[in-house]
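Down below is the structure, laid out as structure tokens.
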Amino acid sequence: MNQSGKKQGFTHALWRALRWVVLALLALLLLPYLITPLYSFINPVSTTMLSRRLSGARVERHFIPIVRISPALPLTVIIAEDGRFCSHHGIDLTEIREAIAEADEMDEMRGGSTITQQVAKNLFLWQGRSYVRKALEFPLALWIDLILPKRRILEIYLNIAEWGPNGEFGAEAGARRAFGKSAQDLSRYEAALLAAVLPNPASRNARQPGSGLRRLAGLYVARTARSPAAAACLRRSH
């Protein structure tokens, strides 16, 4: 084979390889959309849980249905994490605009993520802040909200959220660690303490809350009493 033929053969092989890479990437991007309907009846695990298990780190998680969780906890989590959870479609554009207005860079952005976005991130993506992850997260959140009922989305979130510094995932593990009881038996104040821990479970301790955490929990308790719409949403999606 002459030099020209070798070059042409190499070019064809390169294009074939690139085509397979592109197809593999597309399949990887589409996989979460195909898996999401299965989570209507399959209880998922998060990417963080999988990563810890693969590395041999401790993981404690006991998946429990939302009907076996104290009603105070899902209501307080909505109040604390995503006040418009019942009305938006996976993305809260109002919250995003406010978060962007308050931040000059992605690293400085706080808030803006709905419960549905956090479910998308925890199930299919990675931790940390980046424009790439956000770009993948937005359509996934819209899809999850379209496919799964609100109550199921919240049930999944309550069972995959990280609730402790040593591999405690889900409300049951969080309640046992903090209060030595099942999530079914949480009081309104205990539920509020757990909700206040969610943004940073590595450093916030519901078992030994500081004054700031206690004040935040008290605020959440007061706000739940003034949020009949959120409570009605949970009842409607039963």
Side-chain angles (χ1 to χ4, degrees), residues 24-70 73-74 77 80-82 90 113-130 132-141 143-145 147-148 151-186 191 193-208:
L25 288 174
L26 286 174
L28 191 60
L29 289 173
L30 287 174
L31 188 60
Y33 295 89
L34 299 176
I35 291 175
T36 296
L38 300 178
Y39 290 156
S40 296
F41 52 89
I42 293 176
N43 297 329
V45 296
S46 70
T47 53
T48 304
M49 293 165 65
L50 287 174
S51 175
R52 289 182 64 91
R53 283 174 175 166
L54 289 173
S55 67
R58 178 178 181 269
V59 172
E60 180 183 355
R61 199 279 292 265
H62 311 276
F63 197 105
I64 56 173
I66 197 169
V67 294
R68 287 177 49 202
I69 298 175
S70 167
L73 185 60
V77 166
E81 294 283 291
D82 185 2
S113 289
T114 64
I115 286 173
T116 314
Q117 284 177 256
Q118 294 181 63
V119 167
K121 176 189 70 176
N122 289 339
L123 290 183
F124 302 119
L125 301 172
W126 61 93
Q127 304 300 313
R129 299 177 183 276
S130 74
V132 173
R133 200 208 72 201
K134 281 293 183 183
L136 295 172
E137 181 183 291
F138 281 14
L140 270 173
W143 178 248
I144 289 170
D145 187 83
I147 296 300
L148 301 179
R151 191 175 180 86
R152 178 57 174 168
I153 294 170
L154 186 59
E155 181 176 68
I156 290 173
Y157 179 69
L158 292 171
N159 279 282
I160 63 174
E162 196 166 1
W163 242 304
N166 191 27
E168 292 89 2
F169 292 86
E172 185 71 5
R176 291 183 184 183
R177 178 187 182 276
F179 309 113
K181 62 171 66 174
S182 170
Q184 189 171 15
D185 301 320
L186 293 170
L193 281 172
L194 283 182
V197 163
L198 275 174
N200 195 348
S203 62
R204 295 183 179 184
N205 188 350
R207 181 164 52 192
Q208 296 176 316

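Here, residue 1 is the first one in the sequence, and each next residue gets the next number.
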Calculate, to the nearest 0.5 Å, the distance between atoms [atom1] and [atom2] belonging to [X] and [Y] respectively.
{"X": "F138", "Y": "T114", "atom1": "CZ", "atom2": "OG1", "value": "8.5 Å"}
{"X": "K181", "Y": "E172", "atom1": "NZ", "atom2": "CD", "value": "12.0 Å"}
{"X": "L154", "Y": "I69", "atom1": "CG", "atom2": "CD1", "value": "8.0 Å"}
{"X": "L140", "Y": "L29", "atom1": "CG", "atom2": "CG", "value": "9.0 Å"}
{"X": "Q117", "Y": "E81", "atom1": "CD", "atom2": "CD", "value": "12.0 Å"}
{"X": "H62", "Y": "R176", "atom1": "NE2", "atom2": "CZ", "value": "4.5 Å"}

Over all heavy atoms of both residues, which pair between [X] and [Y] is shortest? Give the atoms and the distance, please.
{"X": "L194", "Y": "A206", "result": "CD2-CB, 4.1 Å"}
{"X": "T116", "Y": "A141", "result": "CG2-O, 3.4 Å"}
{"X": "L186", "Y": "A175", "result": "CD2-CB, 3.9 Å"}
{"X": "N200", "Y": "S203", "result": "ND2-OG, 2.8 Å"}
{"X": "A171", "Y": "L73", "result": "CB-CD2, 3.5 Å"}

Counting C-beta onward and ignoring hydrogens, is there a side-chain heavy-atom pair between [X] and [Y] closer than 4.5 Å?
{"X": "L148", "Y": "I156", "answer": "yes"}
{"X": "Q118", "Y": "I153", "answer": "no"}
{"X": "N205", "Y": "R177", "answer": "yes"}
{"X": "N159", "Y": "I64", "answer": "yes"}
{"X": "R151", "Y": "E155", "answer": "no"}
{"X": "D185", "Y": "F179", "answer": "no"}
{"X": "P74", "Y": "Y157", "answer": "no"}
{"X": "W163", "Y": "L158", "answer": "yes"}

Set of side-chain hydrogen bond (donor to acceptor under 3.5 Å, both in side chains) partners for R61, sequence neighbours left out: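 R61 satisfies side-chain hydrogen bond (donor to acceptor under 3.5 Å, both in side chains) with no other residue.
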Pairing residues for S55 by the side-chain hydrogen bond (donor to acceptor under 3.5 Å, both in side chains) criterion, not counting sequence neighbours: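 Counting only residues at least two positions away or on another chain, S55 forms no side-chain hydrogen bond (donor to acceptor under 3.5 Å, both in side chains).
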Can you name the side-chain contact (heavy atoms from CB on, under 4.5 Å) partners of [X], sequence neighbours left out?
{"X": "R133", "value": "K121, L125, W126, S130, E137"}
{"X": "E162", "value": "T48, F169, P201"}
{"X": "L54", "value": "none"}

side-chain hydrogen bond (donor to acceptor under 3.5 Å, both in side chains) contacts in which one or both residues fall within residues 32-44, not counting sequence neighbours: N43-R152
Just by distance, do the side chain of [X] and the backbone of [Y] share a donor-acceptor pair under 3.5 Å?
{"X": "D82", "Y": "S113", "value": "no"}
{"X": "T47", "Y": "N122", "value": "yes"}
{"X": "R204", "Y": "P199", "value": "no"}

